[in-house]
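Only one structure is covered here, and it is reproduced in the block below.
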Amino acid sequence: AKQLGRSRYEFFNVQLRERMQRRLRLEQDLRDAVRRGHLWPAYQPVVDLGTNRMVAVEGLLRWTHPVHGQVPPTEFIPLAEESDLINQLGEYMLRETTRELAQQRGRGVDVELKINLSTRQLDDPGLVTGIEEALSVAGLPPSALCLEITESALMRDAALAGETLGALRALGVRLAIDDFGTGYSSLAQLHQLTLDTLKIDRSFITGLGESTDSEAIVKSIIVMAHAVHLTVVAEGVENPAQLELLRELGCDQAQGYYLGKPAPAGKLWP
Ligand code: C2E
Ligand code: CA
Ligand code: CA
Ligand code: CA
């Protein structure tokens, strides 16, 4: 048994070492990717359920690795969030998406740009001036930009978030709470944060039409959000049944593979 215990220990040791080496390699590759231009923004349409028109796009970071191909953001974003790398990625996204959106606006495309902010970016004292600068370089009005912050990030440090959000609000950019329903914020907190938009997490949309619980949850989120004058967006809409239900429940906007998958600017606006 002692022998077995020892080899098992060594096995885990090797596994752990391999995992750490893979992470280190990925982090190094990611730093190179920023420099070599292997990163690019994909855009996913957000559709207004009243007019059926695309009213916004969400910019989503993509990494085309020269060897591994597409690395999913769910793999590299958490890694980047462990260091200042996320700030570099955030700055890249801000610069590139505002530039591309301004280009489309010049061609008469009138949509809002949504991008994601992580906690580390909220902690960055240069965030607000960085955003102001990017908007002015691109020649975009602040009202063209909506920053998405996850419910869990907002709740982790409500005081700091509140301060930064106040400064962003003063700048005139819009603010959204992302992945709503996965945390534990109250109606009072939502009201206090003075946001513009609430995005219902995909996990609740997936269950629409399958579980009456999901329907009840989505319904109550919409009622609650409307009570504090928030625009409600449903994410992860994958079929017409979900879309129809959301319409009936009074949801304002929707996003999902059924309405449009994330795509490069050149494909979305040929
Ligand atoms: P998120 O902000 O919740 O973005 C929505 C995710 O859902 C995207 O995944 C999108 O491709 C996916 N999605 C959209 N519609 C559907 C659908 O109908 N079905 C399914 N199954 N999925 C759908 P993606 O692009 O893989 O990004 C994952 C997460 O990575 C994002 O979740 C966000 O948290 C993070 N992320 C992506 N880009 C950035 C970025 O530039 N900055 C930061 N901080 N985070 C980012
Ligand atoms: Ca988002
Ligand atoms: Ca989301
Ligand atoms: Ca999500």
Side-chain angles (χ1 to χ4, degrees), residues 30 33-34 38-47 54 56-64 69-98 100-101 112-124 127 130-131 134 145-154 156 161 174-183 195-209 218 221 231-243 246 253-265 267-268:
L30 192 50
V34 180
H38 293 162
L39 299 173
W40 54 277
Y43 298 91
Q44 186 175 34
V46 178
V47 173
M54 173 167 81
V57 288
E58 177 175 7
L60 295 158
L61 190 57
R62 293 293 178 261
W63 178 12
T64 309
Q70 293 299 317
V71 185
T74 45
E75 188 165 344
F76 70 82
I77 293 281
L79 185 68
E81 277 173 342
E82 286 173 20
S83 71
D84 68 307
L85 203 51
I86 190 67
N87 296 73
Q88 288 180 53
L89 299 186
E91 275 161 34
Y92 165 77
M93 277 300 274
L94 186 62
R95 247 185 299 114
E96 190 60 11
T97 58
T98 49
E100 288 192 313
L101 190 81
E112 179 190 64
L113 171 66
K114 295 177 186 287
I115 55 175
N116 297 284
L117 278 193
S118 77
T119 359
R120 233 180 229 272
Q121 288 176 276
L122 280 177
D123 290 342
D124 176 2
L127 177 73
I131 289 171
L145 180 66
C146 175
L147 302 167
E148 297 193 353
I149 307 161
T150 62
E151 183 184 20
S152 55
L154 279 177
R156 200 172 312 154
R174 306 226 159 103
L175 300 168
I177 186 165
D178 201 356
D179 296 349
F180 187 82
T182 55
L195 309 160
D196 303 277
T197 303
L198 178 151
K199 260 194 176 180
I200 306 175
D201 191 65
R202 173 159 58 92
S203 56
F204 302 109
I205 309 305
T206 306
L208 280 185
V218 170
I221 292 176
T231 299
V232 184
V233 185
E235 67 176 15
V237 176
E238 294 186 347
N239 60 56
Q242 292 166 344
L243 191 65
L246 286 164
Q253 300 171 358
Q255 180 180 356
Y257 293 167
Y258 178 65
L259 297 161
K261 287 195 171 174
K267 204 167 164 205
L268 189 59

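Please read these numbers as outputs of a predicted model, since none were measured by experiment. The first residue of the sequence shown is numbered 1, and numbering continues consecutively from there. For ligands, and for the atoms within them, numbers begin at 1 and follow the listed sequence.
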query: Under 3.5 Å between some N or O of ligand 1 and some N or O of D178?
result: yes
query: Hey, which atoms in ligand 1 end up nearer than 4.0 Å to a heavy atom of M93?
result: 41 (O)
task: Would you please test T231 and L198 for side chain to side chain contact (heavy atoms under 4.5 Å, CB included) and show each step?
output: CA-CA 6 Å; T231 299; L198 178 151; over 6 Å; no
message: I'd like to check which ligand 1 atoms, numbered from 1 as shown, lie under 4.0 Å from a non-hydrogen atom of D179.
response: 3 (O)
query: Which atoms form the tightest heavy-atom contact between E148 and N116, and what is the distance?
result: OE1-OD1, 3.2 Å
- request: Ignoring angles and geometry beyond distance, decide whether E148 reaches within less than 3.5 Å of ligand 1 through its nitrogen or oxygen atoms.
  value: no
message: Between ligand 1 and T74, is the shortest N or O to N or O distance under 3.5 Å?
response: no
- prompt: At a 4.0 Å threshold, what atoms of ligand 1 neighbour a non-hydrogen atom of G236?
  reply: 16 (C), 17 (C), 18 (O)
Which atom pairs, one a donor and one an acceptor, fall under 3.5 Å between side chains of residues 70-85 and the rest of the protein, sequence neighbours left out?
unit_1	atom_1	unit_2	atom_2	d
Q70	NE2	T64	OG1	2.7
E75	OE2	R22	NH2	2.4
E82	OE1	R23	NH2	2.5
S83	OG	L85	N	3.2

- prompt: Does K261 have a non-hydrogen atom less than 4.0 Å from ligand 1?
  reply: no
message: Under the criterion side chain to side chain contact (heavy atoms under 4.5 Å, CB included), I'd like the reasoning laid out for Y43 against L113: C-alpha separation, chi angles, the key distance, then a yes or no.
response: CA-CA 9 Å; Y43 298 91; L113 171 66; 4.1 Å; yes
- line: Looking at W63, Y92, Y257, F76, the heavy atom closest to atom 12 (C) of ligand 1 belongs to Y257
Residues forming a salt bridge (Lys or Arg N to Asp or Glu O under 4.0 Å) with E100, sequence neighbours excluded: none
message: Can you name the atoms of ligand 1, numbered from 1 with element, that are less than 4.0 Å from a heavy atom of P73?
response: 24 (P), 25 (O), 26 (O), 27 (O), 30 (O), 37 (C)
- request: Report, in ascending order of atom number, the atoms of ligand 1 lying under 4.0 Å from any heavy atom of E238.
  value: 17 (C), 18 (O), 19 (N), 20 (C), 21 (N)
query: Any idea which part of I77 is under 4.0 Å from ligand 1, heavy-atom wise: side chain, backbone, both or neither?
result: side chain
field: No-hydrogen, no-angle side-chain donor-acceptor test under 3.5 Å, T197 and R174
entry: no
statement: In short, P45 meets G260 closest at the heavy-atom pair CD-O, 3.8 Å
field: Atom indices of ligand 1 within 4.0 angstrom of Q44 heavy atoms, with elements
entry: 14 (C), 15 (N)
- line: Filtering V237, N116, L39, L259 for the heavy atom nearest atom 44 (N) of ligand 1 leaves N116
- line: Heavy-atom nearest pair, Q121 first then G90, reads NE2-CA, 3.3 Å
task: Indicate whether the side chain of K114 and that of Q44 have a donor and an acceptor atom separated by less than 3.5 Å.
output: no
- prompt: Going by heavy atoms, is Q255 under 4.0 Å from ligand 1?
  reply: no
- prompt: Looking only at distance, does Y258 have an N or O less than 3.5 Å from an N or O of ligand 1?
  reply: no
message: When you compare ligand 1 with G59, is there at least one nitrogen or oxygen pair between them that comes in under 3.5 angstrom?
response: no
message: By the definition side chain to side chain contact (heavy atoms under 4.5 Å, CB included), identify the one residue from I200, L195, I149, D196 that meets it with I177.
response: L195
query: Among the heavy atoms of K199, does any lie under 4.0 Å from an atom of ligand 1?
result: no
- prompt: Which protein N, O or S atoms sit under 3.0 Å from the Ca ion (ligand 2)?
  reply: E58 OE2, N116 OD1, E148 OE1, D178 OD2
Any P262 heavy atom less than 4.0 Å from ligand 1: yes
- line: Closest non-hydrogen contact found for L94 with G130 is CD2-O, 3.8 Å
field: Distance-minimising heavy-atom pair for V233 and Q255
entry: CG1-OE1, 4.4 Å
message: Using a 4.0 Å cutoff against the non-hydrogen atoms of G256, which atoms of ligand 1 qualify?
response: 15 (N), 18 (O)
Set of side chain to side chain contact (heavy atoms under 4.5 Å, CB included) partners for T150, sequence neighbours left out: S152, A153, D178, D179
task: State whether the side chain of E151 and the backbone N or O of T182 hold a donor-acceptor pair below 3.5 Å, judged by distance alone.
output: yes
- line: Nearest heavy-atom contact between A134 and T98 is O-OG1, 4.0 Å
- request: Output the list of atoms in ligand 1 that are nearer than 4.0 Å to some heavy atom of E58, sorted by atom number.
  value: 2 (O), 4 (O)
